[in-house]
Amino acid sequence: MNVINSVVTKLWLTIILIVTTVLIILSIILSLYFRNYVLNSTETLLEEEITRAEEIVLTEHDINDLDSMLLQEDNLILYTDGTMISHESSTDEAIYQRILSGEGEGNTFILEDIYDHDYMVKVSNLSDYFESDTALIKYRDLEDINESMRAVTTIIIGSALVLFLITTSFAFFLITRITRPLISLKNAAFSTAKGNYNKLDVKSRDEIGELTLAFNKMNNDIRSNISEITHERNLREQIFTYMNEGVLYFNSDVELIYSNQKGNELYDLIRVHASKSGRFDENIREIAEHREAAIERMEMQNRHLQLSYTPVEEGDIVYGVILLVRDVTEEVDAEKLRSEFIANVSHELKTPMVMLSGYSEALLDDIVTEPEEIKEMIGIIKDESDRMNTMVNELITIARMDSRSDFFNIEENDFGQLLDKLGSRFRHEMLENGIDFSIVSEEGDLTFEFDFDKVSQVLTNLLDNAIRYTSQGDRITITAGATERNVTIEVADTGTGIRPEHQQRIFERFYKVDESRTRGQHGTGLGLYIVKSIIQRHNGTIDLESTFGEGTSFRITLPKKYTEE
């Protein structure tokens with residue numbers, strides 16, 4: 001900051017100007033008063049001296065008798081009939097000549113610059129008492145007075161200088177007392193502007209102290225308000241950030257002013273597509289112009305977006321448009337999946353029902369009469385009934401899992417016992433189909449928390465699929481191992497394997513691979529979906545590794561300690 005603009009400098013200059021002005025005026029007044037006093041005293045003294053001389057002159061009738069007496073007087077000149085009577089000093093002559101030349105007015109006057117001295121002269125006219133012109137001239141040297149005046153002036157100037165220095169010191173002391181808190185307030189204000197809310201010490205109870213108290217209160221209020229605003233802003237940002245919908249705000253010129261994280265992601269997706277981006281900008285302009293909310297859907301990159309436009313207006317002013325973007329891809333896919341599910345269920349149920357109806361009519365109409373043929377048809381009816389019953393049970397299981405209304409009894413069980421039961425159950429079937437079946441338990445504790453029946457269903461479905469996609473001479477292996485936190489189960493076979501294009505969809509509902517490569521009855525396409533659902537309910541994972549023509553492996557990982565989600 002410039003020194004001239006400083007409050008200290010301004011106050012100091014103001015005080016010094018006032019004090020200097022007062023001292024100058026006082027010095028002039030004192031000097032004039034003292035000079036006038038001395039001059040008046042000198043004039044009075046001259047008056048007394050010349051009065052005394054007049055008395056002497058008037059007492060004597062002959063003026064010539066006065067020469068010797070008057071000549072004893074210093075600074076006295078007798079003028080009579082054009083003749084000057086005095087000591088005949090050069091000063092007397094100079095004064096006399098100056099008077100004759102007409103200098104000086106009145107009875108008392110001052111003659112300056114006579115041999116570098118000033119003289120006060122008093123003239124008394126006695127012509128009325130004598131026959132010739134007669135006058136007395138008395139003068140006094142003013143040099144002593146001038147020296148006294150110079151001394152007095154020096155004293156006044158010295159006193160003024162001392163007073164100036166004292167006043168300056170006092171002014172700086174007073175100014176410092178005043179400006180130091182102000183400087184502290186200024187620095188604190190800059191600190192507050194930078195976000196540092198420092199409290200000032202109140203050192204006085206005057207107006208500056210009250211100003212400091214007010215500043216501290218203002219500081220606390222600002223800090224509280226900013227803290228509250230920051231908290232509200234952070235809370236709003238967190239709410240917007242964790243919203244599944246994108247929130248964007250555009251001004252009337254389609255400039256993005258604000259958006260949350262989801263909004264940025266979806267906005268970038270829209271901007272990638274030039275055709276969609278142009279239509280998007282045009283929609284915002286139309287909404288801002290017509291001031292009407294609107295909803296539309298956009299489809300891009302297998303994603304479906306629902307855009308809700310709302311104008312932001314106040315009175316006749318339109319500030320912009322708020323856009324709420326929802327990714328409805330899952331909803332669209334769910335609706336599509338629901339339609340496909342209904343179609344698949346209808347298709348899967350239609351085949352066994354047609355066969356049941358056809359064979360039943362054949363039996364009722366006595367089209368088949370041979371006992372062996374009748375038995376065969378009854379067997380087919382039984383198989384299709386079992387197949388339809390299995391499908392219905394699987395559909396019920398899926399419905400319960402989707403609604404999470406199915407009951408899971410997850411408790412600590414010994415997985416080794418489950419493996420033993422599976423071995424006893426499938427060993428005979430494997431032997432009949434010529435499949436090499438083995439169960440391998442690696443090192444580790446296989447006692448952990450799981451639903452015994454549901455995990456048994458998982459492995460049963462995996463083994464049924466393995467048998468269906470293997471041939472005589474192939475091998476099916478169950479391998480179980482445990483770590484400190486997890487249990488790993490692997491069901492591997494050396495069957496036909498799964499083509500790469502099918503592997504991504506193998507766990508979808510009703511999805512089935514090439515049925516011509518299976519043995520026995522065809523599946524419903526729901527088994528692996530149920531398997532994955534059961535594993536996920538156990539907070540586990542299931543992964544698929546398959547090489548077409550070489551075999552397939554399903555790897556399951558389950559946590560030993562189950563945690564309810």
Problem set entry | Passing option when F554 is tested against I535, D543, L528, N461 for side-chain contact (heavy atoms from CB on, under 4.5 Å) | L528

Exercise. Does the side chain of T496 come within less than 4.5 Å of T552's, by heavy atoms?
Worked result: no

Exercise. Looking at I295 and S308, what are the two nearest heavy atoms and their distance?
Worked result: CG1-OG, 3.8 Å

Exercise. Checking S456 side chain against F452 main chain: does a donor-acceptor pair fall under 3.5 Å?
Worked result: no

For this session: Determine, stepwise, if the pair L324 / Q306 fulfils side chain to side chain contact (heavy atoms under 4.5 Å, CB included).
Result: CA-CA 8 Å; L324 185 64; Q306 178 175 292; over 6 Å; no

Exercise. What distance separates I287 CD1 from I322 CD1, expressed to the nearest 0.5 Å?
Worked result: 13.0 Å

Could you list the donor-acceptor pairs under 3.5 angstrom formed between side-chain atoms of residues 408-423 and any protein atom two or more places apart in sequence or on another chain?
{"residue": "N413", "atom": "ND2", "partner": "E411", "partner atom": "O", "Å": "3.1"}
{"residue": "N413", "atom": "ND2", "partner": "F450", "partner atom": "O", "Å": "2.7"}
{"residue": "D414", "atom": "OD1", "partner": "G416", "partner atom": "N", "Å": "3.0"}

For this session: Go through the steps for I381 and S360 under the test side chain to side chain contact (heavy atoms under 4.5 Å, CB included), then give the verdict.
Result: CA-CA 8 Å; I381 292 173; S360 297; 4.0 Å; yes

For this session: Answer whether the closest heavy-atom distance between the side chains of L558 and F448 falls below 4.5 Å.
Result: yes

For this session: Flag the pair R468 and D464 as a salt bridge only when some basic side-chain nitrogen lies within less than 4.0 angstrom of an acidic carboxylate oxygen.
Result: no

Exercise. Around atom CD of E313, are there more than 12 heavy atoms of other residues, nucleotides or ligands at under 6.0 Å?
Worked result: yes

Problem set entry | Stepwise side chain to side chain contact (heavy atoms under 4.5 Å, CB included) test for V491 and L459 | CA-CA 8 Å; V491 179; L459 295 178; 3.9 Å; yes

For this session: Step through the shown structure and confirm whether more than 12 heavy atoms of other residues, nucleotides or ligands are within 6.0 Å of CD on E372.
Result: no

Exercise. How long is the gap from CD1 on I506 to OH on Y529, to the nearest 0.5 Å?
Worked result: 15.0 Å

For this session: Return the minimal non-hydrogen interatomic distance between Y258 and L256, and the atom names on each side.
Result: O-CD1, 3.4 Å

Exercise. With side chains defined as the heavy atoms from C-beta onward, is the minimum distance between T447 and K560 less than 4.5 Å?
Worked result: no

Exercise. Roughly how far, to the nearest 0.5 Å, is the CG atom of D436 from the CG atom of D474?
Worked result: 10.0 Å

For this session: For P559 and N539, work out which heavy atoms get closest and say how close.
Result: CD-O, 3.6 Å

Exercise. So how far is it from L248 CG to N260 CG, rounded to the nearest 0.5 Å?
Worked result: 6.5 Å

Seminar exercise, completed: For M430 and L463 the tightest heavy-atom approach is CE-CD2, 4.3 Å

Problem set entry | N283-E296 side chain donor-acceptor pair, cut-off 3.5 Å | yes

Exercise. From I257 CD1 over to F250 CZ, what is the distance, rounded to the nearest 0.5 angstrom?
Worked result: 9.0 Å

Exercise. Can you tell me if S546 and R499 form a side-chain donor-acceptor pair at under 3.5 Å?
Worked result: no

Problem set entry | Spacing of CG belonging to N433 relative to CD1 belonging to I467, to within rounding of 0.5 Å | 6.5 Å

Problem set entry | Sub-4.5 Å side-chain heavy-atom contact between R475 and I435 | no

Problem set entry | E449 with K561: basic N within carboxylate O range, under 4.0 Å | yes

Considering only distance and modelled atom types, tabulate donor-acceptor pairs under 3.5 Å from the side chains of residues 476-487, sequence neighbours left out.
{"residue": "T477", "atom": "OG1", "partner": "S438", "partner atom": "OG", "Å": "3.4"}
{"residue": "T483", "atom": "OG1", "partner": "N486", "partner atom": "N", "Å": "3.1"}
{"residue": "T483", "atom": "OG1", "partner": "N486", "partner atom": "O", "Å": "3.2"}

Exercise. Are any side-chain N or O atoms of T470 and backbone N or O atoms of A466, one a donor and one an acceptor, separated by less than 3.5 Å?
Worked result: yes

Exercise. Side chains of S553 and E490: does their closest heavy-atom pair fall under 4.5 Å?
Worked result: yes

Problem set entry | Min side-chain heavy-atom separation Y319-N251 under 4.5 Å | no

Exercise. Going through the distances and angles, do H538 and I534 end up as a side chain to side chain contact (heavy atoms under 4.5 Å, CB included)?
Worked result: CA-CA 7 Å; H538 281 78; I534 292 174; 4.0 Å; yes

Problem set entry | Residue pair E550 / T494, side-chain donor-acceptor N/O under 3.5 Å | no

Exercise. Between R291 and V318, is any pair of side-chain heavy atoms under 4.5 Å apart?
Worked result: yes

